[in-house]
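Below is one structure, written out as structure tokens; comments come after it.
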Amino acid sequence: REAARERTGMEQLYELSRSTLLLDLHEAPGPQLVQIIRRIFDAEAVALYDANLGSLDRIGDWSPNELELAKDCYMCDVARDDPASRTSQRVLRLGMTSIGAFVIRADISYLVVNALASLAAITFERFHSFQKESRAEAAQQSEQLRTAVLDSLAHAFKTPLTAIKTASSGMLEM
């Protein structure tokens with residue numbers, strides 16, 4: 001039974017990893033991820049906190065005292081499992097840097113929860129890298145546009161000035 005449970009967990013993780021590659025990177029990953037995780041793992045509740053965006057996304061049934069659970073997990077920098085409520089909390093890390101937190105209420109093993117947290121962290125990093133790349137590309141296009149406008153203005157001023165200079169030099173010779 002344990003082997004079948006682990007096999008199912010690995011299949012679900014594979015499906016999640018495929019789904020994260022198809023996310024729309026023009027929109028924040030949190031709302032998309034909580035829906036996908038809840039659907040794939042049949043979770044009662046999922047919450048993700050992205051420290052870079054300062055956003056807390058959650059789906060499912062959360063009691064009033066659990067609404068900030070993911071944010072609190074990030075602030076305390078502690079992973080916890082509560083077997084009574086079937087809730088697992090994980091800090092999302094890239095290397096040694098904490099970038100957010102993940103909380104799930106479902107019947108899944110701690111190994112799968114750890115893998116889920118890793119996939120969420122990778123997805124957040126992929127989104128932030130895409131955003132940086134988009135900003136750099138926009139800045140480059142803006143610089144090209146600025147250069148084109150300045151060249152156009154320079155040409156617009158040089159042409160009449162050349163005509164005036166030519167005419168005035170001709171008048172001086174006369």
Side-chain angles (χ1 to χ4, degrees), residues 1-140:
R1 277 188 232 159
E2 187 65 29
R5 182 176 177 216
E6 292 300 324
R7 187 177 335 105
T8 301
M10 291 304 126
E11 290 169 358
Q12 291 169 323
L13 285 170
Y14 177 73
E15 184 180 347
L16 177 66
S17 65
R18 287 184 52 223
S19 296
T20 58
L21 292 174
L22 300 174
L23 289 179
D24 181 5
L25 295 178
H26 295 284
E27 297 188 23
Q32 299 175 73
L33 266 177
V34 294
Q35 291 178 2
I36 292 170
I37 292 170
R38 184 176 189 196
R39 177 182 53 82
I40 292 174
F41 291 90
D42 195 29
E44 288 178 34
V46 179
L48 279 167
Y49 176 69
D50 184 346
N52 290 330
L53 296 178
S55 67
L56 176 61
D57 301 293
R58 57 185 173 263
I59 192 169
D61 299 324
W62 294 101
S63 66
N65 62 337
E66 293 178 320
L67 292 178
E68 299 288 320
L69 206 54
K71 192 173 183 179
D72 294 342
C73 177
Y74 170 76
M75 296 296 183
C76 295
D77 198 27
V78 176
R80 295 185 192 110
D81 289 312
D82 182 7
S85 66
R86 299 180 3 257
T87 303
S88 298
Q89 303 173 31
R90 297 293 185 273
V91 178
L92 303 181
R93 299 182 193 282
L94 286 174
M96 297 303 291
T97 307
S98 300
I99 62 164
F102 169 71
V103 181
I104 187 167
R105 182 175 302 121
D107 285 323
I108 53 178
S109 73
Y110 75 95
L111 293 173
V112 173
V113 173
N114 291 339
L116 274 168
S118 296
L119 282 171
I122 291 167
T123 302
F124 280 179
E125 180 59 22
R126 188 169 155 249
F127 169 75
H128 294 298
S129 295
F130 178 78
Q131 294 295 68
K132 287 177 188 174
E133 183 180 325
S134 296
R135 284 191 297 270
E137 187 176 311
Q140 181 184 12

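Atom set for the values below is all heavy atoms of this structure, side chains included, hydrogens, waters and symmetry mates excluded.
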State the CE-CG distance between M75 and D77, to the nearest 0.5 angstrom.
11.0 Å
Would you compute the distance between atom CG of D107 and atom CZ of F41 and round it to the nearest 0.5 angstrom?
13.0 Å
Run the salt bridge (charged side-chain N to carboxylate O under 4.0 Å, His left out) test against R58 and tell me which residues pass, sequence neighbours left out.
none
Could you report the tightest heavy-atom contact between V91 and V78, atom names first, then the distance?
CG2-N, 3.7 Å
Give every residue pair that meets the side-chain hydrogen bond (donor to acceptor under 3.5 Å, both in side chains) criterion with at least one member in residues 37-46, sequence neighbours excluded.
E15-R39, E44-R86
Pairing residues for T8 by the side-chain hydrogen bond (donor to acceptor under 3.5 Å, both in side chains) criterion, not counting sequence neighbours:
none
Let me confirm one number: the CD-OG distance from Q12 to S19, rounded to the nearest 0.5 Å.
11.5 Å
If the condition is side-chain hydrogen bond (donor to acceptor under 3.5 Å, both in side chains), which residues does T97 pass it with, not counting sequence neighbours?
none
Can you name the closest pair of heavy atoms from A45 and D61 and give their distance?
CB-O, 3.7 Å
Quick check for you: to the nearest 0.5 Å, what is the distance between L16 atom CG and T123 atom OG1?
7.0 Å
Taking C-beta and beyond as the side chain, do F124 and L94 meet within less than 4.5 Å on heavy atoms?
no
Does F130 CZ have over 12 foreign heavy atoms under 6.0 Å away?
yes
Taking every non-hydrogen atom, the tightest pair across A120 and L48
CB-CD2, 4.0 Å
Are L33 and L23 close enough that some pair of their side-chain heavy atoms sits under 4.5 Å apart?
yes
Could you report the tightest heavy-atom contact between S17 and L119, atom names first, then the distance?
CB-CD2, 4.0 Å
How close do W62 and V103 get, heavy atom to heavy atom, and via which atoms?
CH2-CG1, 3.5 Å
With a cut-off of 6.0 Å (strictly less than), are more than 12 heavy atoms of other residues, nucleotides or ligands near CG of D82?
yes
Would you mind listing every side-chain hydrogen bond (donor to acceptor under 3.5 Å, both in side chains) that reaches into residues 22-34, with sequence neighbours excluded?
none
Among R126, E133, E125, K132, exactly one meets side chain to side chain contact (heavy atoms under 4.5 Å, CB included) together with S129. Which residue is that?
E125
Apply side-chain hydrogen bond (donor to acceptor under 3.5 Å, both in side chains) to T87 and list each qualifying residue two or more places apart in sequence or on a separate chain.
S85, R105
To the nearest 0.5 Å, what is the distance between CG (L92) and OH (Y49)?
11.5 Å
Test side chain to side chain contact (heavy atoms under 4.5 Å, CB included) applied to Y110 and R90, step by step
CA-CA 10 Å; Y110 75 95; R90 297 293 185 273; 3.7 Å; yes
d(F102 CZ, L116 CG) to nearest 0.5 Å is 4.5 Å
If every non-hydrogen atom of R5 is compared with every non-hydrogen atom of I108, which pair is closest and at what distance?
NH2-C, 3.3 Å
